[in-house]
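Below is one structure, written out as structure tokens, with a few remarks after it.
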Amino acid sequence: MRRFLLPLLLLMFLFPSCEKNEARVFTSLDLNTICSITVYEAEDEEFVQGAFDLMKEIAGMIDMYDEDSELSNVNRNAYQEDVYVSDELFSLLSYAYSVTEYTFGAFNLAIGPLVRLWAIGSEDERVPSSSEIEEVLPLLDWRNISLDEDEKSVRFLKEGMAIDLGAVGKGYISDVLASYFEGNGVESAIINLGGNVYAVGTHPSGRAWTIGLQNPDTERGGYYTTVECSDSAVVTSGGYERYFIAQDGQVYHHILDYKTGYPASSDIVSSSIITEDATLADMLSTACFALGSDKAADIVRHYNVKAVFLLKDGSTVRIGI
Ligand code: ADP
Ligand code: MG
């Protein structure tokens, strides 16, 4: 059983006071975090429930921890045979593979065996021995995942490999939910899946949304800066979101480096990506956190997204926003 952890970071959203349109917030504990949907118009509860149902449906496809998910079927069988998957899963895997290649594995879809070993966020979390780490490192090379575009099938070239979509799933789900809202004519809504925010449309006042970025040193709700956006995802990754403190007092967080086998470390404390493609934003926020501000800036420009990084020295880097 995975332990439910309250994420220490949640992006908070702010809005100017507006008497006419009252915010109504619906919350659920899903995706191993707190999810909330804020609507302003006459969207009824049933409509919002439809969004939560959609969320669960997709989670049931991509969750590595759910034995019945389509992804688990891939992880169980792709070494023995070609596993045929749905078009939807195949597209997501191809996208994740391409970002893995471009970020040189800073975001790595093949990180599964290492994530399982550390088990951060579960009852079994612990610092693995160096020999255990040595053992899984050869299983993390994404080039040993073969994706067949024509057949829509997946094959692992090494036994014991596993795909983990933990660093892209919430972004993908928020894209699907944002389309659901937009497709139903919703002009103002905020989807917040444990820090993966999608600002649908504009604030009911017609102005852009103002999204606060959580200050890692203060309680939830305290922010170190804000960004203005509309029709856009704001996705943040930070080492302070999910971590454990070992017996020696050392802090180990949940974004791992496939080369060393240990938590990734750079000059970035918190990395936020702003773009209308939440799937991409989720992958890049993880990659940028791991890469550090210099390399991250190149990635951000290549993908033509916006970014805000909080650095260890307390300074803030803003790119394009
Ligand atoms: P969160 O899920 O807390 O929003 P991220 O999007 O950064 O944060 O994803 C972290 C999760 O992704 C981890 O819990 C793990 O399942 C997986 N993961 C860890 N390190 C990597 C990595 N280098 N590349 C891809 N996925 C990773
Ligand atoms: Mg991510």
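None of the values given here were measured: they were computed from a predicted structure. Note that ligands are numbered from 1 as they come in the structure, with each ligand's atoms numbered from 1 the same way.
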Report task. Test Tyr303 against Tyr102 for ring pair (Phe, Tyr, Trp, His ring centres under 6.0 Å), laying out the working first. Result -> CA-CA 10 Å; Tyr303 282 101; Tyr102 195 79; 5.5 Å; yes
Report task. Determine whether the aromatic ring centres of Phe47 and Tyr180 lie less than 6.0 Å apart. Result -> yes
Query raised in the report: With a cut-off of 4.0 Å, which atoms of ligand 1 are near a heavy atom of Ile255?
Result: 7 (O), 19 (C), 20 (N)
Query - Rounded distance (nearest 0.5 Å) linking atom OG of Ser28 with atom CD1 of Ile37 - result: 7.0 Å
**Report entry** Part of Ala106 with heavy atoms under 4.0 Å of ligand 1, whether side chain, backbone, both or neither
**Finding:** backbone
Query raised in the report: Should you measure from each heavy atom of Phe107, which atoms of ligand 1 turn up under 4.0 Å away?
Result: 24 (N), 25 (C)
Query - Nearest option to atom 13 (C) of ligand 1, as decided by whichever heavy atom of His254, Arg116, Met64 sits closest - result: His254
Report task. Applying side-chain contact (heavy atoms from CB on, under 4.5 Å) between Leu114 and each of Leu256, Leu139, Asp164, report the one that passes. Result -> Leu256
Report task. May I ask you to check whether Met283 brings an N, O or S atom to under 2.8 Å from the Mg ion (ligand 2)? Result -> no
Query raised in the report: Of Tyr243, Trp118, Tyr262, which is the lone residue that meets ring pair (Phe, Tyr, Trp, His ring centres under 6.0 Å) with Tyr252?
Result: Trp118
Query - Close side-chain approach of Lys158 to Asp141, heavy-atom, < 4.5 Å - result: no
**Report entry** Ring centre gap for Tyr172 and Tyr95 strictly below 6.0 Å
**Finding:** no
Query raised in the report: Given O of Ala167 on one side and OD1 of Asp282 on the other, what angle do they make at the Mg ion (ligand 2), to 10°?
Result: 80°
Query raised in the report: N/O of Thr236 under 3.5 Å from N/O of ligand 1, yes or no?
Result: no
**Report entry** From the candidates Ala96, Ala287, Ala167, the one that places a heavy atom nearest atom 26 (N) of ligand 1
**Finding:** Ala167
Query raised in the report: Is it true that the side chains of Thr275 and Asp277 contain a donor and an acceptor less than 3.5 Å apart?
Result: no
Query - For Val115, the ligand 1 atoms whose distance to one of its heavy atoms is below 4.0 Å - result: 15 (C), 16 (O)
Query - Proximal atoms of ligand 1 relative to Ser237 (non-hydrogen, under 4.0 Å) - result: 5 (P), 6 (O), 7 (O)
Query - Side-chain heavy atoms of Asp217 within contact of Tyr224, under 4.5 Å - result: no
Requested in this report: Provide the number and element of each atom of ligand 1 under 4.0 Å from a heavy atom of Asp164.
Outcome: 15 (C), 16 (O), 17 (C)
Requested in this report: Please determine if Thr286 has a nitrogen or oxygen closer than 3.5 Å to a nitrogen or oxygen of ligand 1.
Outcome: yes
**Report entry** Heteroatom test (N, O or S) for Lys170 near the Mg ion (ligand 2), limit 2.8 Å
**Finding:** no
Query raised in the report: Does any N/O atom on Gly194 come nearer than 3.5 Å to any N/O atom on ligand 1?
Result: no
